[in-house]
Protein chains: 2
Amino acid sequence: MFEPVRPVRAYERVVEQIESALRRGDLRAGERLPSERELMRQFQVSRSTVREALRVLESNGLLRSRQGDPQGAELLPLSPDTLRRPMDKLARSGEISFEDLLQFRILLDGAASYLAARLHDETQIAAIRSALERLHSTVGAGRTAWSEADVAFHDAIAQATGNPLLQICSAVVRSVATGMIESEIAEAGDSAGLMDRWVRQHSRLFELIDARDGVEAAAQARRDLLEEYGVHLPADRRQLLADWIGS
Amino acid sequence: MFEPVRPVRAYERVVEQIESALRRGDLRAGERLPSERELMRQFQVSRSTVREALRVLESNGLLRSRQGDPQGAELLPLSPDTLRRPMDKLARSGEISFEDLLQFRILLDGAASYLAARLHDETQIAAIRSALERLHSTVGAGRTAWSEADVAFHDAIAQATGNPLLQICSAVVRSVATGMIESEIAEAGDSAGLMDRWVRQHSRLFELIDARDGVEAAAQARRDLLEEYGVHLPADRRQLLADWIGS
DNA sequence: ATGCATTTGTTCGTATGTATC
DNA sequence: AGATACATACGAACAAATGCA
């Protein structure tokens, strides 16, 4: 009959009011918040309380404040990118193994390839194509440049699905997974051969997406991932994933 | 050659240190942080700075602090809530559509059903079975009880995949998606018939998982989701998802 | 049940570095 | 270059809550 009550702290009410003003549209992205001193007058709280509220809002990606800025804190657009940080923390939390990540990535990239093949429009396929060409041109141009181009290629595919959730999760899982094996890769001597194989596989994937063959695109993406990263797994776990994607 | 620098605020460095101690395992869930005064001694910063750091960590779900608690702030286990809160906000603001969520959920639950079918052990299949039985018994026992039993059923399946990332993402997406249509469902009159159909579908899914038929289990899970929730989508979007899972 | 020491919640005043005009 | 308003950070103080003797 009665609800449990939780002590509500002053800074929380400040956060609430600003958040709801943002939701209602009273405040919009790009606009500026009043200065901290003005906020303490309006909310009738101390400076510290205002600052705690601003810190929380800032860490949640809703605004950005700079020292000395006479215009006050800037309200940021609410974007799916706010999911990136918590997702990243989750994936790096240590309870997630490399196998978990690889499994999840195979799942996501397979689906992304399918959806991209089925749904892409001219702009999106052009973006994928140009990312692929950049990937081509960076073979042998150093690890970081090549790695960036690879990220851009997969991002372009994820973009073409039109699903922001898929896009974010895919990007996070990819970055965490590659980060986990980065050290090994750096030591792998014959990186030119590796890159060459990667580019061939990606070209094939692009053709399938371009041809709108979703089923084959998904299969190709999954096979490539397992082939490239499966070597980091024990044999039995690799076999399990192979069975999975073969079905 | 040089990297751009960003002013790093004192509280951020405090947050970083506590977060990394948590990642490394130097601090674990359930343990207590030193008091604020002790923290200001260790970090050599003022109390305000310590407090801003604690507020940020608290809003990210990593700890909880109560006024007057002599034991200090309590470190919390990482929970799906850290993802659910921001995703919930995005869904409510319209940045993520219901279709995005449904698509993602079909993706996750399909894969979870496949993996659960292939990988489950005795304990896990028993957990799924008992969750199903509880679901049976709660038909007509009120919405909240039934809803909880449904969550438990899907969680048990996700658990059986052995992939914590899949488990958490699945739980989050499920919770946000059902939250979005909760209001509509509450108004749907004939809930007994709905529940009955749900239970039949879930029973079939359980049988397929129990029989280790991963391919059919995945197909069943996807079909059921689309059938139940597809009504909330426009016809053309529903057709797209139908094509997808039919492939 | 009462009081006490400790801790967090909140406020205020001050000094300092910074951005903008 | 100087003035102004701003955010950053510190430290002291008081109120309220907690746990324990």
Side-chain angles (χ1 to χ4, degrees), chain A residues 2-19 21-22 27-76, chain B residues 2-19 21-22 27-76:
Chain A
F2 293 122
E3 294 269 320
V5 286
R6 193 178 54 89
V8 179
R9 291 177 277 217
Y11 87 92
E12 288 183 285
R13 317 205 50 161
V14 175
V15 168
E16 261 176 36
Q17 285 200 48
I18 295 180
E19 270 184 349
L22 215 42
L27 293 172
R28 269 176 304 189
E31 290 184 293
R32 300 306 186 109
L33 229 47
S35 74
E36 293 184 357
R37 287 175 180 80
E38 177 57 28
L39 288 175
M40 58 186 275
R41 273 191 288 276
Q42 293 196 25
F43 288 112
Q44 299 276 21
V45 295
S46 76
R47 189 87 188 282
S48 318
T49 302
V50 169
R51 288 176 59 78
E52 286 175 22
L54 291 182
R55 288 293 96 89
V56 168
L57 290 168
E58 189 168 23
S59 99
N60 288 9
L62 276 72
L63 56 83
R64 180 182 43 185
S65 82
R66 293 179 323 166
Q67 179 173 350
D69 190 342
Q71 302 189 81
E74 180 185 5
L75 295 171
L76 299 177
Chain B
F2 293 121
E3 295 266 319
V5 284
R6 190 179 58 89
V8 179
R9 289 175 282 215
Y11 88 92
E12 290 182 283
R13 317 202 53 158
V14 175
V15 168
E16 266 175 33
Q17 287 200 46
I18 295 180
E19 271 184 346
L22 216 41
L27 293 172
R28 270 175 303 189
E31 292 183 304
R32 300 304 187 110
L33 230 46
S35 76
E36 294 182 358
R37 287 176 177 80
E38 176 57 28
L39 287 175
M40 59 186 274
R41 272 190 289 276
Q42 294 195 25
F43 288 112
Q44 298 276 19
V45 293
S46 76
R47 196 148 92 99
S48 318
T49 303
V50 168
R51 288 179 57 77
E52 286 174 22
L54 291 182
R55 289 294 88 88
V56 169
L57 290 168
E58 188 167 25
S59 98
N60 288 10
L62 277 75
L63 56 84
R64 178 183 45 180
S65 80
R66 293 181 319 161
Q67 180 175 181
D69 189 342
Q71 302 189 82
E74 179 185 6
L75 296 170
L76 299 177

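Residue numbering restarts at 1 for every chain, and letters A, B, ... go by the order of the sequence lines. Being a predicted model, the structure only gives us computed values, none of them experimental.
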Can you figure out which of [options] approaches the side chain of [X] most closely?
X	options	result
A/Glu36	C/dT20, D/dT8, C/dT7	D/dT8
B/Val45	C/dT20, C/dT10, D/dC10	D/dC10
B/Ser46	D/dG11, D/dT8, D/dT18	D/dG11
A/Tyr11	C/dT7, D/dC6, C/dT10	C/dT10
A/Thr49	D/dA15, C/dA19, C/dT10	C/dT10
B/Ser48	D/dT8, D/dC10, C/dT7	D/dC10

Quiz item: Under the side chain to side chain donor-acceptor pair (under 3.5 Å) criterion, do B/Thr49 and B/Arg9 qualify, and how do the steps go?
Solution: CA-CA 9 Å; B/Thr49 303; B/Arg9 289 175 282 215; over 6 Å; no
Quiz item: Where each residue is assigned the nucleotide of DNA chain C containing its nearest heavy atom, which of A/Gln67 and A/Gln71 is assigned the position nearer the 5′ end?
Solution: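 The residue mapped nearer the 5' terminus is A/Gln67.
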Quiz prompt | Given DNA chain C, 5'-ward residue of the pair A/Met40 and B/Arg55, judged by closest heavy atom | solution =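 Here B/Arg55 is the residue nearer the 5' end.
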Separation of atom [atom1] in [X] from atom [atom2] in [N], rounded to whole Å:
X	N	atom1	atom2	result
A/Arg9	D/dA16	CZ	P	17 Å
B/Phe43	D/dA9	CZ	C1'	16 Å
A/Leu63	D/dA7	CG	P	12 Å
B/Arg41	C/dT6	CZ	P	12 Å
A/Glu38	D/dA7	CD	P	11 Å
A/Arg51	C/dG9	CZ	P	17 Å
B/Glu52	C/dT10	CD	P	14 Å
A/Arg37	C/dT11	CZ	C1'	15 Å

Practice problem: Give one of base, sugar-phosphate or nothing for B/Arg66, where a contact means two heavy atoms less than 4.0 Å apart. | Solution: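 Sugar-phosphate: the residue B/Arg66, judged by heavy atoms under 4.0 Å, touches backbone atoms but no base.
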Quiz prompt | More than 12 heavy atoms of other groups within 6.0 Å of A/Arg64 CZ | solution =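 Open: at most 12 neighbouring heavy atoms sit under 6.0 Å from CZ of A/Arg64.
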Quiz item: Does A/Arg47 get its side chain close enough to the base of C/dG13, under 3.5 Å, for a donor-acceptor pair?
Solution: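 Such a pair does not exist between side chain and base.
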Quiz item: Between A/Glu12 and A/Arg6, does at least one N-O distance fall below 4.0 Å, as a salt bridge requires?
Solution: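 Here A/Glu12 pairs with A/Arg6 in a salt bridge, since their nearest N and O are under 4.0 Å apart.
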Quiz item: Would a distance-only check, ignoring hydrogens and angles, find a side-chain to backbone donor-acceptor pair under 3.5 Å from B/Glu31 to B/Arg28?
Solution: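 Checked: pair present.
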Quiz item: Is a side-chain N or O of A/Arg32 found less than 3.5 angstrom from the main chain of A/Gly72, in a donor-acceptor match?
Solution: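 Yes, A/Arg32 side chain to A/Gly72 backbone: donor-acceptor pair under 3.5 Å.
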Quiz item: Given that B/Gly68 and A/Ser35 both sit by DNA chain D, which one's nearest nucleotide is further toward the 5' end?
Solution: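 This one resolves to A/Ser35.
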